[in-house]
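A, B, ... follow the sequence lines: proteins, then strands. Residue 1 opens every chain.
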2 protein chains.
Amino acid sequence: MIAKKALHGRVPVTIGAMESSSTTSGGGTRREATRQKLYEAAVTLIAEQGFSATTVDEIAERAGVAKGTVYYNFASKSVLFEELLRHGVGLLTASLREAAEKTARDGGSKVDALDAMIRAGLVFIDRYPAFTQLYVAELWRTNRAWQSTLMVVRQQAVAVVEDVLREGVHNGEFSDEIDVPLTASALVGMVLVAALDWQSFQPERSLDDVHAALSRLLQGRVSGR
Amino acid sequence: MIAKKALHGRVPVTIGAMESSSTTSGGGTRREATRQKLYEAAVTLIAEQGFSATTVDEIAERAGVAKGTVYYNFASKSVLFEELLRHGVGLLTASLREAAEKTARDGGSKVDALDAMIRAGLVFIDRYPAFTQLYVAELWRTNRAWQSTLMVVRQQAVAVVEDVLREGVHNGEFSDEIDVPLTASALVGMVLVAALDWQSFQPERSLDDVHAALSRLLQGRVSGR
DNA sequence: GTTTTTGCACTGACCAGTCAGTTCAAAACT
DNA sequence: AGTTTTGAACTGACTGGTCAGTGCAAAAAC
């Protein structure tokens with residue numbers, strides 16, 4: 001057994017800090033561009049068909065790349081998928097956190113923060129519907145290789161919501177009887193399912209429209225006339 | 001081409017009312033027992049691993065049956081899965097509808113009906129967690145053979161919620177500004193995600209506990225002290 | 001001249017679906 | 001009663017195909 005080559009391990013890395021726009025910087029950019037193409041190809045295929053039903057040949061073809069290139073860039077099919085998950089949830093978490101922080105900066109209430117996060121969630125799902133689909137499909141599975149990755153990454157996202165709830169309880173804006181983790185889950189679920197149904201069954205509706213409906217539900221303005 | 005055998009089409013049928021025990025009557029009870037075992041084996045395996053990653057051999061083995069028996073009872077792997085879906089969502093829909101009707105009979109309000117349905121949903125998920133997982137994982141996929149089955153079956157379940165909302169709007173209990181389909185989706189999502197997270201991450205909590213938290217959210221008793 | 005990509009042939013494992021044959025309990029017959 | 005027949009239910013070895021991952025020489029990009 002000799003070491004061979006295979007340098008999948010670490011790569012230039014840009015991931016974490018998203019959207020540094022691009023251009024400039026001489027970093028190993030070609031590599032990164034290929035990886036990006038592979039992510040995009042994989043995300044839609046896996047969202048449609050599931051992980052196991054999607055072949056590496058399909059991914060390569062859709063990305064316009066040779067099969068060998070996939071394995072030059074990723075150690076295996078499941079590693080590609082895991083990195084895709086990390087990448088995507090990173091974007092979501094950042095977006096939620098930013099929405100919460102902006103509201104705080106502008107002196108909004110915690111309900112305003114939740115509302116802003118609902119909107120941020122909708123915007124994310126609107127922009128990356130395939131990723132969202134795939135994430136939901138995998139989230140509650142057990143016995144899969146990437147289970148732990150998924151858990152970590154889920155907790156990061158939910159934690160942002162929990163933080164806002166906890167702060168709201170602390171400053172008296174929310175009842176101290178609410179169950180923070182469960183309420184956070186429920187809110188995430190509300191947005192997730194409503195948004196996916198929106199995308200699947202009434203894609204013609206505007207984001208504002210959907211946001212308004214969810215906002216009303218959040219603020220308990222359902223009952224009463 | 002002669003007809004051959006293969007009688008997958010119609011079968012004695014007992015489904016709904018399980019456990020007619022055995023003995024007596026020459027009725028095809030054996031068949032139904034085998035199918036039930038296959039459903040049970042398939043539902044957990046597919047929930048854990050996904051449809052494509054689950055092999056027919058595994059299903060047969062877990063059910064304690066030979067592979068050929070699977071094909072004697074179902075035309076194909078995906079037909080088995082489709083019938084499983086129909087079976088499961090049938091149970092859910094019936095349970096939701098019953099909860100709503102009972103509330104109406106007892107002269108409860110529409111909010112009470114929604115609350116009863118939330119509880120019914122939780123009870124269902126508590127009893128059939130694997131089925132729920134699998135259902136969520138498949139619901140928003142596209143390009144799959146059972147797409148249409150899934151849509152029909154989804155609509156049946158959501159329609160029960162929509163009906164209650166619509167009645168509530170009609171009798172003035174709910175604002176006529178609410179968006180019925182979207183609110184229904186959001187409510188379903190709230191329960192679904194909260195329940196799955198409950199099962200996955202805090203299984204020690206009681207159903208009443210979880211129900212109370214969701215109830216509070218439904219009634220907008222989150223804000224305020 | 002080093003890194004990355006290509007193209008393509010190849011392997012070995014795995015898997016959906018088939019089919020000839022077996023089991024067995026309830027009829028049918030004696 | 002006992003014996004034979006029937007056929008639905010079940011079995012498991014087998015087949016044909018698919019797919020993840022490999023190997024490598026040559027080209028392209030930087």
In whole Å, I'd like the distance from the [atom1] atom of [X] to the [atom2] atom of [N].
X       : N      : atom1 : atom2 : result
B:Tyr71 : C:dC15 : OH    : P     : 12 Å
B:Leu80 : C:dA16 : CG    : P     : 12 Å
B:Leu38 : D:dA9  : CG    : C1'   : 13 Å
B:Arg35 : D:dA9  : CZ    : P     : 10 Å
A:Asn73 : D:dA20 : CG    : P     : 17 Å
A:Glu32 : C:dT3  : CD    : C1'   : 15 Å
A:Phe81 : D:dG21 : CZ    : P     : 14 Å

Pairing residues for B:Glu167 by the side-chain hydrogen bond (donor to acceptor under 3.5 Å, both in side chains) criterion, not counting sequence neighbours: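 Result, side-chain hydrogen bond (donor to acceptor under 3.5 Å, both in side chains) vs B:Glu167: B:Lys110.
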Qualifying salt bridge (Lys or Arg N to Asp or Glu O under 4.0 Å) pairs with a residue from residues 193-210 of chain B, counting only residues at least two apart or across chains: A:Arg154-B:Asp197, A:Asp179-B:Arg205, B:Arg119-B:Asp208, B:Arg205-B:Asp209
Contact list for residues 67-82 of chain A, test salt bridge (Lys or Arg N to Asp or Glu O under 4.0 Å), sequence neighbours left out: A:Asp57-A:Lys67
Applying side-chain contact (heavy atoms from CB on, under 4.5 Å), can you list everything that pairs with [X], at least two apart in sequence or on another chain?
X        : answer
B:Glu98  : none
A:Ala186 : B:Met190, B:Ala194, B:Leu214, B:Leu217
A:Ala60  : A:Val70
A:Ala63  : A:Lys37, A:Leu38, A:Ala41, A:Val65

DNA chain C contacts among residues 47-61 of chain B, heavy-atom distance under 4.0 Å: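 Going residue by residue through residues 47-61 of chain B, the ones with a heavy atom under 4.0 Å of DNA chain C turn out to be B:Thr54, B:Thr55, B:Val56.
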Exceeds 12 heavy-atom contacts within 6.0 angstrom, atom CD of B:Glu61: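 No - once you tally the heavy atoms of other residues, nucleotides and ligands closer than 6.0 Å, there are 12 at most.
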With sequence neighbours excluded, residues passing salt bridge (Lys or Arg N to Asp or Glu O under 4.0 Å) with B:Glu162: B:Arg166
Pairing residues for A:Phe81 by the ring-ring contact (aromatic ring centres under 6.0 Å, His included) criterion, not counting sequence neighbours: A:Phe51, A:Trp146
What pairs of nitrogen or oxygen atoms, one from the protein and one from nucleotides 6-11 of chain C, lie under 3.5 Å apart?
| unit_1 | atom_1 | unit_2 | atom_2 | d |
| --- | --- | --- | --- | --- |
| C:dT6 | OP2 | A:Ala66 | N | 3.1 |
| C:dT6 | OP2 | A:Thr69 | OG1 | 2.5 |

Overall bend - the helix from C:dG1-D:dC30 to C:dT30-D:dA1, comparing terminal axes fitted on five pairs, nearest 10 degrees: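 End-to-end axis angle: 20°.
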Under 3.5 Å donor-acceptor, B:Arg62 side chain and B:Leu45 backbone: no
